[in-house]
Each structure stands twice: as C-alpha cells, then as structure tokens.
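Notes follow the structure.
Only this structure's heavy atoms are used, side chains among them; waters, hydrogens and symmetry mates stay out.
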Amino acid sequence: MEYIFHILSLMCIYAILALSMNFIVGYLGILNLGFAAFYGIGAYTFAILVRGIAISGHFIQLSFLASFFTAGIVSAFFGLLLALPTIRLKSHYMAISTLGFLMIIHGLFINLPNLTRGALGIPGIPRPIIFGFSFFTLQSFFLLSFIFFLMVGFILHRILHSPFGKLIEAIREDETAVKSLGKHTVFYKIQAFIVSSFFAGIGGALLASLLGYINPWNFNVDELLKTLAMVIVGGMASFWGSIVGAILIILLPEPLRLLHLPPGIVGPLRYALYGLIIILFMIFRPNGILGKRTNIFSK
Amino acid sequence: MNIVFQVIIFSLVATSVYALVAAGLTLTFGTLEFINFAHGDMAMTGAFLFFALYSGLHWPLFLSFALTLFGITFLGIFIEKTTFRPVRDKQEFIPLILSIGVSIILVSTVTMIFGGGSQTYIEAAPTIFHLMQDSVITLPQVLIIITSCIVIAGLFLFLRMTKIGKAIRAVSDNKMVASILGIDVNKTIMMTFALASFLAALGGILVAFDQNLSPRMGLALSIKVFAAITLGGVGNLFGAVIGAFIIGFTENFLIAYTSVPGSFKEAFVFMILIFVLLFRPYGLFGGKKEEMESR
C-alpha cells in the first residue's frame with residue numbers, strides 16, 4: 001500500500017519535471033539535452049542546505065521551504081549560465097552543447113567532494129516539515145508533492161497562456177518573423193531557460209526529499225531519457241500531454257516486477273522499453289498522444 | 001623523467017580511434033542532416049560482438065574480425081531501413097531523438113547479454129616497443145595508429161575517386177539536385193550508413209584492444225566524438241579528423257600535466273567545445289552550407 005503512494009509521488013514530481021522540460025523542448029523548440037543537470041542541481045542544493053553545511057566557519061542550514069525555493073533559484077542561475085553562451089547556436093550545435101553541460105555538471109557532482117560528497121552521494125535527506133506539518137509518511141509526502149505539482153502546473157499554465165508564452169511559441173514557429181516585430185528573441189529565449197530550470201530545480205528538490213539519498217548517477221543521461229520519453233509520449237508543446245506522459249512512463253516498467261526476472265535483466269529491460277517507446281512514437285506519432293499538429297522542430 | 005613522448009603516444013592512440021568513429025558520424029550527418037546518437041553504441045556493439053566471437057567462441061582472429069565488421073555493417077543497414085528511413089523527411093530533431101532510442105536499445109541489449117561490468121580481450125603481456133628514453137608503445141597501439149591512418153586516407157580517396165564516394169558527396173551537398181542527376185538517393189544513404197557503421201565497428205574493435213570493454217563505453221565514445229565533429233564543423237570530414245586530434249590531445253595532456261581528475265575530462269572537453277562555439281558557431285572548418293541556409 002505504501003508503495004502505491006511512492007509511485008503516486010513520483011508521478012507528481014515527474015509531471016513537474018516533464019512540464020518544465022516541455023517548456024523548452026516543446027514550446028520553445030530547443031532540444032535541451034542538459035535538462036537532467038538542472039534537477040540534479042536542484043536536488044543537490046536542497047540536500048546540502050537541508051542537511052546543513054559549514055562554509056568558512058559558519059554553519060548554514062535552511063528551513064525546508066527556503067531550501068525548496070533556493071534549489072529553484074540556484075538551478076535557474078545555472079540555466080542562465082548555460083543559456084548565455086549557447087542560446088544563439090543553431091539546432092544540433094545547441095543539442096550537443098547542452099549535452100556537454102550535463103557532462104560538466106555530472107563531473108562537478110563527482111569531483112567536488114567537500115560539497116557533494118563525490119561518488120558517495122548524499123544520504124539521509126530528510127522528508128520535510130513545513131509550518132509544523134510533517135511529511136514523513138509516504139501518504140503525506142504524496143499530498144505535499146501533489147500540492148507542489150498543482151502550484152507549478154498552475155503557474156506554468158498561466159505563463160504559457162500569457163503574452164510571454166505566446167511569444168515563446170512564436171519564436172519556435174518563426175524566429176525571423178518575431179524579430180521583425182521588434183522583439184529581442186534572444187532575451188526571451190534566455191528567460192524561458194531560466195523559467196524551465198527554476199521549476200526543474202524545485203522538482204529535483206522534491207525528488208531528493210522523496211528518495212532520501214542521491215548520487216551523481218541519479219542525474220545522468222539515463223535520467224534525461226526518462227524525462228524526454230515523458231515529453232515525447234505526452235506530446236511536444238502539450239501541457240496535459242506532459243502530465244499524461246509522466247504517469248504512463250512511471251507506470252510502464254511496473255508490470256516487469258510481476259515477471260520475477262533477475263535484477264540484472266530488469267534494469268536494462270526497463271531502459272530498452274523506454275528506447276522502444278521513443279522509437280515507435282517518433283516514427284508513428286511524433287506529436288505524441290495529446291500533441292498539437294504543428295511542426296515543432298522545423299528549424 | 002620526461003613524459004611528453006609517452007603522452008603524445010597516448011594522444012595519438014586516442015585520436016586514431018576518435019577519428020575513425022568521428023569520420024563515420026560526420027558522413028551520416030552530411031547525408032541525413034542529423035547527429036546520430038547511436039553511433040558510439042554501434043562501435044560498442046561491434047567491440048562486444050568481436051569479444052563474443054574471439055574470446056567467447058575462440059574463433060580465429062581474422063574470421064572474428066571480418067564477421068564483426070560484416071555484422072555491424074549489416075546492423076547499420078537494418079537500423080537505417082527500419083527506423084531512420086521512415087522519418088527521413090520529418091523535422092531534423094525527430095531522427096535525433098529516434099537515434100537516442102536506438103542507442104538505449106543497443107546498450108540495454110548488450111547489458112542483458114554480457115552484464116553491466118567490464119570485459120577484456122587484451123593479452124596480459126602484449127609486445128612492447130621501447131622508443132626514445134622512457135616512452136613505450138604496445139603492439140596493439142602501433143596497429144591502432146597504422147590502421148586508422150590507412151583507413152582515413154583510404155576514406156578521403158574513396159570519397160574523391162569512386163562513383164559511390166562521389167554520389168555520397170553529391171547527396172550530402174544537395175539531395176534534390178543529386179536525385180535529378182539520376183543518383184539513387186535511397187541507395188546512397190544506405191551506403192553511407194553502411195560505411196559509417198563499418199568505421200564505427202572498426203573503431204570499437206580497435207579501442208577494445210587498448211582498453212576494457214563496458215556497455216557504457218559507447219556513450220563515452222559518442223560524447224567525445226560529438227565534441228570532435230562539432231569542433232571541426234559537422235558534416236566536414238577534414239574538420240572531424242582535426243576535431244579528433246584536438247580532443248585526443250587535450251584530454252591526455254590535461255590528465256598528464258594538470259591535477260584535473262580523470263572523471264572530469266569529458267567536462268573539460270565540452271568546456272573547450274562551448275568556448276570554441278562562442279566564437280565560431282559552426283565549428284572551426286564547417287558551416288558554409290549552414291550559413292547560407294540560415295541567411
């Protein structure tokens with residue numbers, strides 16, 4: 001019974017992550033292969049701040065709510081850091097540079113032992129206590145992640161239907177046309193990166209709190225593929241699609257548990273399933289289950 | 001102790017492998033116009049197939065070698081026909097994402113068969129040549145460098161001299177004009193894919209003579225090769241070879257002369273890449289075609 005709430009919490013968290021990835025990949029039309037780095041940064045920031053850290057003699061420890069927020073801010077800052085040098089690059093150069101960013105951050109997680117404990121990872125990340133309410137049990141944690149999901153979903157939905165959101169989609173459709181209307185497109189693209197990485201950071205913080213233990217390999221290319229599969233299955237540039245995608249991709253490997261396969265097979269088989277899903281959707285339904293019939297990624 | 005020659009030898013070995021794999025990747029990019037994420041994993045699959053035949057079934061060296069190259073070339077053609085052909089005319093990121101899917105399937109399949117750990121078919125005590133002072137080079141390393149030089153030179157000649165090579169260059173220049181001139185575009189793309197898979201398999205087998213094998217090596221190789229071809233300018237064969245040189249030498253010199261940890265060298269490679277793209281957004285030697293298109 002407990003396990004069901006674990007799955008439900010994962011669904012909420014990954015819905016947040018898929019939505020913020022879709023913001024860049026689907027709505028803005030930039031294939032950001034560095035996305036897993038942002039929720040990695042969020043997760044690490046949260047874990048470090050909640051457990052407390054000594055910086056030059058001062059012991060710094062933040063409350064849970066402040067840590068969640070800081071996780072988003074730090075992640076957004078790195079979003080800005082990635083966007084500044086790369087945002088003008090064209091399509092595949094951008095994809096490879098963002099993948100490179102993931103490698104750089106992954107390298108930092110491993111090689112900053114004072115901050116991240118390196119390859120050992122950070123254990124004992126507590127479940128939050130907010131305004132006197134504790135979220136120790138999985139049931140209550142599900143409630144918390146559902147509230148976060150509703151908030152993030154609402155804010156992103158408002159952003160996407162604001163003039164800014166419409167502009168982002170217009171840039172995807174025809175950047176030159178938007179420029180001709182006197183809009184500084186690079187500026188808006190950087191803003192979109194900041195928004196996406198902020199919510200990715202919050203999602204990562206929730207994930208760290210749910211799992212209780214994180215290491216650098218939680219945030220590498222494999223993780224990226226999971227989120228990418230969610231966005232693709234749900235549909236590029238589809239708000240509800242990302243939520244459906246997150247639910248389906250989290251549920252997808254669960255039946256494998258019933259087959260009682262050896263653990264050495266189950267892990268790779270799960271990733272093979274993600275791969276197969278990605279291939280089939282790209283060939284037969286590149287717009288996903290709920291995607292719009294527009295030409296995302298036309299240039 | 002002067003280690004500079006030793007570091008140069010290591011760099012040359014790395015460069016040889018990267019150049020082979022990068023050449024194949026940049027060729028497929030030229031004709032299909034997307035970055036094939038599964039390319040490094042083709043090399044990895046080749047290395048494991050060779051391992052299975054040579055170390056597992058104890059088949060003769062040259063038979064295993066030939067069968068592996070043949071098998072991976074065939075696998076490349078199969079993958080192109082079943083997955084990339086249906087999406088060829090779709091927007092450019094669709095084949096890229098699809099190739100990520102192919103890459104996951106290759107890695108998972110190899111992991112399911114061989115397990116996630118590393119394997120090796122390196123001889124315990126390979127023949128060693130002593131060069132000047134303290135530098136040594138093993139026989140496999142010599143063979144890697146020689147094979148790579150011959151194959152890359154052959155590839156340049158192949159693209160210039162033969163009919164298929166010219167067709168490949170024509171198709172990468174402009175598909176429509178090529179088809180008007182009577183070049184079978186489908187067949188040419190299939191040939192490019194076969195050639196690229198062949199080069200990847202060769203690179204994979206060679207790298208495994210020098211290092212341990214693991215299902216993860218495909219991704220590590222892909223990442224360095226992406227950086228190499230992006231540095232040189234995607235679609236440009238000469239640029240890919242130069243990019244391979246830059247990557248091969250940078251990572252080995254970094255590890256030898258600075259305190260940068262080994263697990264951080266990929267990150268450094270990408271810092272250089274992003275820095276270069278800041279000033280030359282289409283890579284060092286690339287981009288005439290793309291600059292024209294974006295105008």
Side-chain angles (χ1 to χ4, degrees), chain A residues 25 29-31 33 82 84-86 88-97 99-108 110-111 118-119 176 216 220-222 224-225 228-229 232 236 264-265 267-284 286 295-299, chain B residues 29 33-35 37 82-84 86-87 90-113 115-116 215 219 222-223 226-227 229-230 234 260-261 263-275 277-278 281-283 286-287 290 293-294:
Chain A
V25 177
I30 289 178
L31 188 57
L33 294 180
L82 171 64
L84 279 179
T86 59
R88 285 183 173 82
L89 297 175
K90 293 287 173 239
S91 57
H92 32 264
Y93 289 93
M94 184 76 193
I96 296 302
S97 305
L99 178 69
F101 178 75
L102 177 60
M103 290 295 138
I104 294 172
I105 296 297
H106 186 66
L108 284 177
I110 299 176
N111 291 303
T176 319
N220 62 4
V221 180
D222 292 342
L224 172 75
L225 299 172
L228 187 64
I232 288 165
M236 303 276 186
I265 300 284
L269 197 59
R270 202 169 66 207
Y271 282 107
L273 266 180
Y274 292 147
L276 196 64
I277 289 267
I278 291 179
I279 292 177
L280 291 178
F281 266 90
M282 280 292 109
I283 295 178
F284 297 109
N295 292 338
I296 293 166
F297 295 154
S298 57
K299 189 68 210 169
Chain B
F29 181 85
E33 291 179 12
F34 74 95
I35 289 181
F37 220 86
T82 50
T83 60
F84 292 122
V87 298
K90 302 262 177 68
Q91 304 92 16
E92 61 182 313
F93 275 147
I94 288 183
L96 199 161
I97 295 173
L98 196 147
S99 72
I100 296 178
V102 174
S103 150
I104 312 174
I105 291 196
L106 288 176
V107 176
S108 320
T109 314
V110 171
T111 315
M112 275 188 268
I113 298 172
L219 183 68
S222 284
I223 282 166
F226 291 158
I229 70 162
T230 318
V234 271
V260 173
S263 54
F264 206 60
K265 66 181 180 187
E266 272 123 22
F268 245 91
V269 164
F270 273 102
M271 283 183 202
I272 295 168
L273 175 68
I274 291 176
F275 184 74
L277 289 182
L278 205 54
Y282 297 100
E290 285 159 310
E293 277 169 2
S294 67

Top of A:Tyr274, A:Tyr271, A:Phe101 for chain B proximity - count of heavy-atom pairs under 4.5 angstrom: A:Tyr271
Between A:Leu33, A:Thr86, A:Leu225, A:Thr176, the one whose heavy-atom pairs under 4.5 Å with chain B are most numerous: A:Leu225
Residue part contacting chain A, namely of B:Leu219, when any heavy atom lies under 4.5 Å: side chain
Close side-chain approach of B:Ile104 and A:Ile279, heavy atoms under 4.5 Å: no
Residue among A:Leu228, A:Val221, A:Leu269 with most heavy-atom pairs under 4.5 Å to chain B: A:Leu269
A:Phe284 vs B:Pro86 side-chain heavy atoms within contact, under 4.5 Å: no
Proximity breakdown for B:Ser222 and chain A, heavy-atom pairs closer than 4.5 Å: neither
Considering all heavy atoms, the nearest A:Ile278-B:Ile97 contact: CG2-O, 3.5 Å
B:Ser108 to A:Ala272 - nearest heavy-atom pair and separation: OG-N, 3.3 Å
Heavy-atom contact with chain B under 4.5 Å, split by part of A:Ile104: both
Heavy-atom check, side chain of B:Ile94 versus side chain of B:Phe34, under 4.5 Å: no
Selection from B:Ile274, B:Leu98, B:Thr109 maximising heavy-atom pairs under 4.5 Å formed with chain A: B:Leu98
Proximal component of B:Leu273, with respect to chain A [non-hydrogen, under 4.5 Å]: side chain
Minimum heavy-atom distance between B:Val107 and B:Pro215, given as atom pair plus value: CG1-O, 4.0 Å
Shortest non-hydrogen contact from A:Pro268 toward B:Met112: CB-CG, 3.6 Å
Atom group of B:Phe37 that falls short of 4.5 Å from chain A, counting heavy atoms: side chain
